K.L.:
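Please find one structure pasted underneath; my questions will follow.
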Amino acid sequence: MIDFDTQHILHPYAPSVPPTDMHLVKSASGVYLELESGEKIIDGMSSWWSVIHGYNVPELNAAATEQLSKMSHVMFGGLTHEPAIKLAQTLLKITDKNLEHIFFSDSGSVSVEVALKMAFQYWSSQGNKAKSKILAFSKGYHGDTFGAMSVCDPITGMHTAFEGVLHKNIFAEAPMCMFGDAWDEKYIHDFKEKLEQNHTQIAAVILEPIVQGAGGMRIYSPKLLKRVRELCTKFDVLLILDEIATGFGRTGKLFAYEHGDVTPDILCVGKALTGGYMSLAATLTSKKVMQGVEANGNVLMHGPTFMANPLACAVANASLELLLGSPWRERVQNIETQLNTELKKCEELEIVKEVRVLGAIGVVELKEDVDLSWMTPEFIKRGVWVRPFNKLVYIMPPFIMNKKELSILTVAIYDVINAFSKN
Ligand SMILES: Cc1ncc(COP(=O)(O)O)c(C=O)c1O
């Protein structure tokens with residue numbers, strides 16, 4: 001099987017014939033992945049932020065099975081169903097009260113495409129065709145589809161590979177005031193200047209609130225978020241918050257924008273929405289935005305085949321019920337406290353530049369790039385699954401991880417980095 005996979009199946013950002021080892025997963029349960037080779041390893045990645053309750057969760061399995069016996073899918077054009085309605089009710093209840101409308105889509109990237117369309121159509125439907133650009137932040141990441149790529153970091157993102165094809169947007173300096181740092185107006189200067197100079201062309205600002213994920217795992221000041229909101233209002237530009245990675249408790253708040261107490265015009269959620277069971281995302285927006293989009297008889301121009309897939313919505317409903325009925329705040333707080341004591345130890349290693357922690361996110365930034373093909377087997381040998389990139393060794397464990405399991409992870413990270421520095 002591995003041979004076939006290696007020869008024919010493409011994996012994320014990887015060559016068609018990968019030189020690195022591929023690991024066959026047989027099953028997964030709780031915080032453990034069971035490999036075909038027999039090893040059981042602790043998952044530090046929550047399958048890229050999404051598996052907040054762990055794997056093979058009885059409540060989510062039951063929700064999927066029950067929905068399966070009713071219908072797994074039905075088109076959303078002209079038809080609707082209870083799982084989508086219930087999910088919309090919950091999402092609108094737990095997010096900012098300004099948000100009143102919701103569009104379900106298949107993945108985070110698509111929810112970003114929908115958000116961008118909402119922003120562009122908001123202005124164009126009202127006769128303003130000049131607002132055709134997005135102001136984004138350097139070191140941001142919003143997905144891999146074309147619109148989403150065009151607002152990812154222009155250097156570390158995929159702009160070079162797709163130069164000439166991507167929509168040209170405007171980028172502000174990456175957030176430089178980190179979480180916990182004292183605020184100074186100099187930190188907003190570049191953003192403010194770009195907005196002042198270009199606001200007549202800017203439809204919306206997009207950002208990942210508080211944590212820039214795949215663009216560098218940077219954790220920044222809530223005050224910056226607050227100032228961005230104020231300036232968007234002042235210059236009449238919509239604010240899109242991309243909570244695809246940070247939503248549903250990951251940063252210690254249900255949504256990261258709550259750290260800055262701001263109101264989004266458009267909000268994207270995905271990943272942990274279904275507890276990592278299947279792909280589902282949503283774009284939420286206000287009455288004001290929808291009225292603008294629909295001015296002069298227009299409608300939002302989007303409609304995927306698998307929009308609001310009932311199976312995914314049913315699992316999302318069960319996942320949200322499980323999350324909201326659990327002591328998730330305490331669990332995330334406990335993970336944060338433990339990461340702060342155990343992962344911080346990595347700072348004593350010469351090769352480590354910095355350790356950053358927020359909620360159930362722990363990041364060790366090295367001074368040099370990691371060697372993934374060397375590190376991965378070292379982690380597996382120590383019974384854990386950690387997938388570093390560039391200079392970053394990071395984890396975002398499922399919220400149900402216990403103290404002992406988390407210690408196995410943090411000790412493995414320390415030991416592997418230490419061994420790497422001597423290698
Ligand atoms: C902040 C953010 N936005 C968008 C995306 C894209 O989501 P998806 O991979 O589901 O398309 C990601 C994925 O990592 C993300 O972290």
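Whatever order the structure lists ligands and atoms in, that order sets their numbers, starting from 1. Keep in mind that what you see is a predicted model, and the values were worked out from it rather than measured.
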K.L.:
Backbone, side chain, both or neither: what part of H142 comes under 4.0 angstrom of ligand 1, heavy atoms only?
P.N.:
backbone
K.L.:
What residue and heavy atom of the protein are closest to atom 12 (C) of ligand 1, and at what distance?
P.N.:
Y141 CE2, 3.5 Å
K.L.:
Is any N or O atom of V110, backbone or side chain, closer than 3.5 Å to an N or O atom of ligand 1?
P.N.:
no
K.L.:
Taking A148's backbone N and O only, do any of them form a donor-acceptor pair with E113's side chain (distance below 3.5 Å, no angle check)?
P.N.:
yes
K.L.:
Is any side-chain heavy atom of K223 less than 4.5 Å from a side-chain heavy atom of Y187?
P.N.:
no
K.L.:
For ligand 1, find out whether one of its N or O atoms is nearer than 3.5 Å to an N or O atom of W49.
P.N.:
no
K.L.:
Considering only the protein, which heavy-atom contact is closest to atom 10 (O) of ligand 1, and what is its distance?
P.N.:
G108 N, 2.9 Å
K.L.:
Counting only heavy atoms, tell me which of D242, T246, L273 gets closest to atom 3 (N) of ligand 1.
P.N.:
D242
K.L.:
Consider salt bridge (charged side-chain N to carboxylate O under 4.0 Å, His left out). Of E34, E36, E39, which one does K26 pass it with?
P.N.:
E34
K.L.:
Would you please determine whether E243 falls within less than 4.0 Å of ligand 1 on a heavy-atom basis?
P.N.:
no
K.L.:
Looking only at protein heavy atoms, which one is nearest to atom 14 (O) of ligand 1, and how far off is it?
P.N.:
K271 NZ, 2.9 Å
K.L.:
Is any side-chain heavy atom of F137 closer than 4.5 Å to one of V228?
P.N.:
yes
K.L.:
In the protein, which heavy atom is nearest to atom 9 (O) of ligand 1, and how far is it?
P.N.:
S109 OG, 4.4 Å
K.L.:
What's the shortest heavy-atom distance between V364 and C346, and which atoms?
P.N.:
CG1-CB, 4.1 Å
K.L.:
So do L35 and I41 actually touch side chain to side chain, heavy atoms under 4.5 Å?
P.N.:
yes
K.L.:
Could you tell me which non-hydrogen atom of V315 sits nearest to which non-hydrogen atom of M278, and how far apart they are?
P.N.:
CG2-SD, 3.8 Å
K.L.:
With heavy atoms of A245 as the reference, note each atom of ligand 1 found under 4.0 Å away.
P.N.:
16 (O)
